[in-house]
Amino acid sequence: MKNILIIGSTGQIGSELTAELRKQYGSSHVVAGYIPGAEPKGELAEGGPSALADVTNGEQLEAVVRQYSIDTIYNLAALLSVVAEQKPRLAWKIGIDGLWNVLEVARQNGCAVFTPSSIGSFGPNTPHELTPQDTIQRPRTIYGVSKVTTELLSDYYHTKYGVDTRSVRFPGLISYVTPPGGGTTDYAVDIFYSAVRGEKFICPIAKGTRMDMMYMPDALRAAMELMEANPDKLIHRNGFNVTAMSFAPENIFQQIQRRVPGFEMEYQVDTLKQAIAESWPNSLDDSAARQEWGWHPNYGIAAMTRDMLEKLTEKLKK
Ligand code: AKB
């Protein structure tokens with residue numbers, strides 16, 4: 001990898017991944033792609049080049065790829081699960097029409113492409129415990145349908161045209177930097193903001209609902225390590241299961257309460273979020289990722305909670 005374009009550099013993953021990639025490959029080699037209204041600011045804007053890179057505009061992508069001699073694209077443009085249910089056409093336009101543009105530009109310019117899938121690619125009839133790498137994927141949300149399509153279309157471009165496509169199925173991502181917007185797993189971030197602000201947390205997900213989660217440093221490492229992995233060792237390509245922990249609301253609440261005595265939580269279940277959460281796995285089997293490219297998480301629930309509380313407390317003081 002020499003020259004990298006991040007599409008969606010100001011989003012939840014992009015804002016941190018851009019900085020990590022700049023550390024690893026050099027600031028001038030990583031272009032922060034953005035859309036009007038979501039321009040990079042501060043460190044992201046000052047730390048390296050940035051360019052308009054709207055996933056729905058193939059010609060614009062092509063121009064950026066040529067201008068910066070891009071050889072690797074991290075395509076992070078997507079709507080999260082709950083917003084996608086409210087705007088299904090837009091979810092498809094960004095997630096799939098946009099992916100088509102990215103893959104075409106990649107095919108014509110010899111770029112490798114990372115486009116994340118998610119635990120949302122599974123559905124109600126997927127085995128929920130230790131969900132295997134290769135299993136039933138019949139999601140009933142537009143988000144899930146677009147994620148399965150992402151995996152298949154990316155595989156197709158690899159087998160048909162030799163495009164170096166790779167991806168993981170991200171679980172819920174937890175970070176103190178850029179908040180997620182409109183996902184089912186957002187509660188696992190929001191709960192920390194309530195705890196640090198000294199507020200009672202109103203939990204939209206029911207007691208006992210387990211989902212896979214991951215702390216952002218592990219997620220960034222997963223994306224970067226997969227893109228650096230030896231292709232000869234990859235049996236799979238798109239949609240590697242990766243996980244770091246699996247918990248229900250009461251588990252993360254207890255972890256936080258141990259460190260923030262007096263913290264309170266009340267359940268007010270959101271019907272849409274709950275239905276989506278129940279259709280997703282309780283825990284993933286990520287052995288294929290471990291075997292094929294050496295994946296391993298560094299943060300479990302306790303280490304993540306400790307770090308989140310410390311970093312978010314610092315951040316909210318400013
Ligand atoms: C969401 O909740 O929509 C995402 C995801 C797990 O894909 N965080």
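Keep in mind that the numbers below use all heavy atoms, side chains included, and drop hydrogens, waters and symmetry copies. Every number for a ligand or one of its atoms is a count from 1 in the order of the listing. Keep in mind that this is a model prediction, so the values were computed, not measured.
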More than 12 foreign heavy atoms under 6.0 Å from [atom1] of [X]: is that the case here?
{"X": "Lys311", "atom1": "NZ", "result": "yes"}
{"X": "Glu39", "atom1": "CD", "result": "yes"}
{"X": "Lys315", "atom1": "NZ", "result": "yes"}

For ligand 1, does Ile119 get within less than 4.0 Å through its side chain, its backbone, both, or neither, judged by non-hydrogen atoms? side chain
Any side-chain donor-acceptor pair under 3.5 Å between Thr184 and Ser81? yes
Nearest protein heavy atom with distance in Å, relative to [atom]:
{"atom": "atom 8 (N) of ligand 1", "answer": "Thr185 OG1, 2.9 Å"}
{"atom": "atom 3 (O) of ligand 1", "answer": "Ser81 OG, 2.6 Å"}
{"atom": "atom 2 (O) of ligand 1", "answer": "Thr184 N, 2.7 Å"}
{"atom": "atom 4 (C) of ligand 1", "answer": "Tyr143 OH, 3.7 Å"}

Show which atoms of ligand 1 fall inside a sub-4.0 Å distance from at least one heavy-atom site of Ser118. 5 (C), 6 (C), 7 (O)
Do Trp92 and Asp97 come close enough that some side-chain heavy atom pair is under 4.5 Å? yes
Report the distance from atom OG of Ser121 to atom CZ of Arg138, rounding to the nearest 0.5 Å. 13.0 Å
Trp280 to ligand 1: N or O pair under 3.5 Å? no
